[in-house]
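Down below is the structure, laid out as structure tokens.
Hydrogens, waters and symmetry mates are skipped; everything else that's a heavy atom, side chains included, is used.
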Amino acid sequence: MVKELLEKAKELDRQDDLKAFRDEFYIKEGQIYLDGNSLGLLSKRAENETLKALDSWKEYGIDGWTEGPHPWFTLSETLGGMSAPLIGAEKNEVVVTGSITANLHQMIASFYHPQEEKNEILSDELNFPSDLYAIQSQLELKGFDPGIYLKKAPSKDGQTILLDSIKSSITEKTALVLLPSVLYRSGQLLPIKEIVEYAHRFSAIVGFDLAHSIGAVPHKLHEWNVDFAVWCNYKYVNSGPGGTGGLYVHQKHHGKMPGLKGWFGSAKEKQFDMEHTFSPAGDAGAYQIGTPHVLSSAPLAGSLSIFEEAGIHRIREKSLQQTDFLLELIDSLLGNYDLKVVTPLNHSERGGHIAVEHSAAASICKALKSRNVIPDFRSPNLIRLAPAPLYTTYRELYESVLLLRDIMESREYEQHGNTRNIIA
């Protein structure tokens with residue numbers, strides 16, 4: 001069986017029509033990197049664009065705002081247009097700005113308008129904490145107790161959420177729905193289109209956090225009539241640590257006043273008039289607040305050019321094939337070690353990573369790292385394995401699971417404390 005799986009990995013690598021993109025990335029020799037769903041690796045194009053941004057600063061000084069290869073004054077809109085194909089949006093519906101949590105605050109402030117009988121926000125009980133913190137803050141700012149007005153769609157198994165649970169949580173009191181596209185722990189992909197259609201029957205605004213899907217899963221946000229979305233770009237999109245985030249606002253909402261005003265949300269032709277009356281841009285650019293983070297945005301230009309060439313649909317096809325192979329490896333080689341896959345098996349319900357449950361997950365992750373395999377631990381008991389289609393090979397997946405089997409067989413993981421490190 002082991003030999004057959006190795007031959008399959010070799011053949012899949014031979015057939016891989018995205019394999020040339022691996023050479024675009026800086027990959028540490030001898031290391032297998034399976035943590036691209038937390039921080040993607042640096043590409044040579046991203047590095048080059050960062051250096052070009054520094055050169056523009058050096059060459060043009062203040063004139064870099066309007067001169068150079070990527071003038072800074074319109075950089076957020078330019079990168080937004082390049083990002084649009086990844087999420088199925090019109091170019092003017094997307095802008096690269098801020099951080100994911102800051103953008104969440106902007107979206108909730110802009111779209112949560114509580115009324116006497118319509119004042120609840122729906123999220124889910126498995127959501128990433130920062131999303132819930134933003135909701136709690138915005139409720140409190142409007143005088144609503146989060147303990148009462150923040151509702152959470154329940155999970156029956158602690159890992160996934162059924163569509164029926166989300167639907168049954170939406171009522172006439174629901175003013176806004178904010179959910180992840182992919183659950184960050186289990187990797188479950190939620191049915192965005194169905195959720196939007198159902199919530200709109202109740203006249204609720206619907207937004208999504210795309211942190212764990214952008215760059216791995218294609219979407220059709222405009223067609224599905226999603227009201228807004230936010231994301232970070234440093235995971236599958238490989239824009240670098242702390243890279244600038246992004247936001248999407250459907251065209252039907254353009255022209256409305258953003259909840260949080262800032263001068264870079266101004267109409268471009270009015271911005272430097274310095275009037276004390278805010279004139280918002282007529283597109284998603286209105287939801288910017290402060291000056292663009294030029295040096296944190298620059299790598300994205302290089303990274304997005306790779307995505308333009310590779311195509312998000314081809315990336316998704318390989319991602320599913322790689323997670324399928326990973327599941328096959330786990331089933332074939334790790335059946336005797338109490339490792340339980342909690343990621344949905346159906347393609348339509350799976351994001352870009354596989355999550356495996358084990359009581360000693362933290363120590364297993366440490367043991368893998370000691371063997372130069374970089375996974376991701378999520379408290380209390382999950383090992384996340386994330387192939388990145390642009391640079392992960394099938395051979396690496398095979399070797400990773402073989403090493404994991406050796407760690408489990410020898411109980412090597414018991415040499416490591418079963419507590420998380422500071423980050424993971």
Side-chain angles (χ1 to χ4, degrees), residues 37-40 80 83 86-89 93-112 121-139 146 150-153 155 160-161 163 166 169-170 174 176-196 199 204-222 224-237 239 242-250 253 259 284 287 349-353 355 378 384 386:
N37 62 332
S38 283
L39 179 65
S83 303
L86 298 184
I87 59 171
E93 293 178 320
V94 185
V95 67
V96 167
T97 185
S99 69
I100 190 167
T101 304
N103 290 339
L104 272 174
H105 277 285
Q106 171 67 293
M107 293 296 97
I108 300 169
S110 299
F111 291 104
Y112 175 58
I121 298 179
L122 175 67
S123 187
D124 67 276
E125 65 179 14
L126 302 180
N127 208 334
F128 191 73
S130 198
D131 292 35
L132 298 176
Y133 300 159
I135 294 171
Q136 292 164 3
S137 295
Q138 291 297 324
L139 282 167
L150 168 56
K151 304 297 182 180
K152 300 177 188 177
S155 167
T160 59
I161 298 176
L163 177 59
I166 296 171
S169 300
I170 298 172
T174 306
L176 185 145
V177 176
L178 175 61
L179 296 167
S181 53
V182 169
L183 273 61
Y184 79 101
R185 298 179 79 254
S186 68
Q188 179 194 7
L189 173 64
L190 295 182
I192 294 175
K193 180 175 182 288
E194 290 83 353
I195 292 169
V196 173
I205 292 287
V206 190
F208 285 89
D209 176 344
L210 308 182
H212 283 274
S213 64
I214 189 168
V217 179
H219 298 303
K220 298 179 180 178
L221 297 194
H222 179 84
W224 293 339
N225 210 18
V226 175
D227 293 293
F228 71 84
V230 299
W231 57 89
C232 51
N233 284 305
Y234 46 75
K235 299 181 187 293
Y236 293 107
V237 187
S239 72
T244 311
L247 63 83
Y248 151 92
V249 176
H250 196 283
H253 297 299
Y287 295 87
E349 300 174 9
R350 188 195 313 161
H353 73 264
R378 280 296 171 261
R384 299 192 309 179

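Between His353 and His212, the ring-plane angle classifies as perpendicular under the 30° and 60° cut-offs. Note: Tyr287 and Phe111 have parallel aromatic rings, judged against thresholds of 30 and 60 degrees for the angle between ring planes.
Side-chain contact between Asp124 and Leu190: absent, with no pair of heavy atoms (C-beta onward) separated by less than 4.5 Å. Proximity of Asn37 to Val182: side-chain heavy atoms (C-beta onward) are nowhere separated by under 4.5 Å. Using a 4.5 Å cut-off on side-chain heavy atoms (C-beta onward), Tyr236 and Val217 make no contact. Within the 4.5 Å cutoff, side-chain heavy atoms of Leu178 are placed close to those of Leu104.
Separating the CD1 atom in Ile214 from the OG atom in Ser181 is a distance of 9.0 Å, to the nearest 0.5 Å. In this structure, Leu39 CG and Ser239 OG are separated by 8.5 Å, a value rounded to the nearest 0.5 Å. The line from CG of Asn103 to OH of Tyr248 is 15.0 Å long, rounded to the nearest 0.5 Å. Here the CD-CG distance, from Glu125 to Leu132, works out to 10.5 Å after rounding to the nearest 0.5 Å. Here CZ of Phe208 is found 5.5 Å from CG of Leu179. Values are rounded to the nearest 0.5 Å. Rounding to the nearest 0.5 Å places CG of Leu247 at 6.5 Å from CH2 of Trp231.
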Trace of the side-chain contact (heavy atoms from CB on, under 4.5 Å) decision for Thr174 with Lys151:
CA-CA 9 Å; Thr174 306; Lys151 304 297 182 180; over 6 Å; no

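The nearest pair of heavy atoms linking Ala211 to Ile100 is CB-CD1, 3.8 Å. What you find for Ala355 and Arg185 is that their closest heavy atoms are CB-O, 3.3 Å. Of all heavy-atom pairs spanning Leu163 and Pro191, the tightest one is CD1-CG, 3.9 Å. Of all non-hydrogen atoms in Ala204 and Val177, the two that sit nearest each other are CB-CG2, 4.4 Å. Of all heavy-atom pairs between Ala284 and Val94, the closest is CB-N, 3.7 Å. Residues Leu189 and Gly351 approach most closely at CB-N, 3.9 Å, considering heavy atoms.
Every side chain to side chain donor-acceptor pair (under 3.5 Å) that Ser123 has, sequence neighbours left out, goes to Asn127. By the side chain to side chain donor-acceptor pair (under 3.5 Å) test, Gln188 pairs with no residue at all, sequence neighbours left out. Residues forming a salt bridge (Lys or Arg N to Asp or Glu O under 4.0 Å) with Asp209 (at least two apart in sequence, or on another chain): none. Every residue two or more places apart in sequence or in another chain that forms a side chain to side chain donor-acceptor pair (under 3.5 Å) with His253 is listed here: Asp227, Lys256.
A salt bridge (charged side-chain N to carboxylate O under 4.0 Å, His left out) check over residues 212-222, counting only residues at least two apart or in different chains, returns nothing. Counting only residues at least two apart or in different chains, salt bridge (charged side-chain N to carboxylate O under 4.0 Å, His left out) contacts with residues 126-135 are absent.
With Leu122 as the fixed residue, the side chain to side chain contact (heavy atoms under 4.5 Å, CB included) test singles out one of Leu150, Ile170, Leu176, Val206: Ile170.
In this structure, Asn233 contributes its side chain and Thr244 its backbone to a donor-acceptor pair below 3.5 Å. Side-chain atoms of His250 come within 3.5 Å of backbone atoms of His222 as a donor-acceptor pair (strictly under, hydrogens ignored). Judged purely by atom type and a 3.5 angstrom limit, Arg378 has no side-chain atom pairing as donor or acceptor with the backbone of Tyr184.
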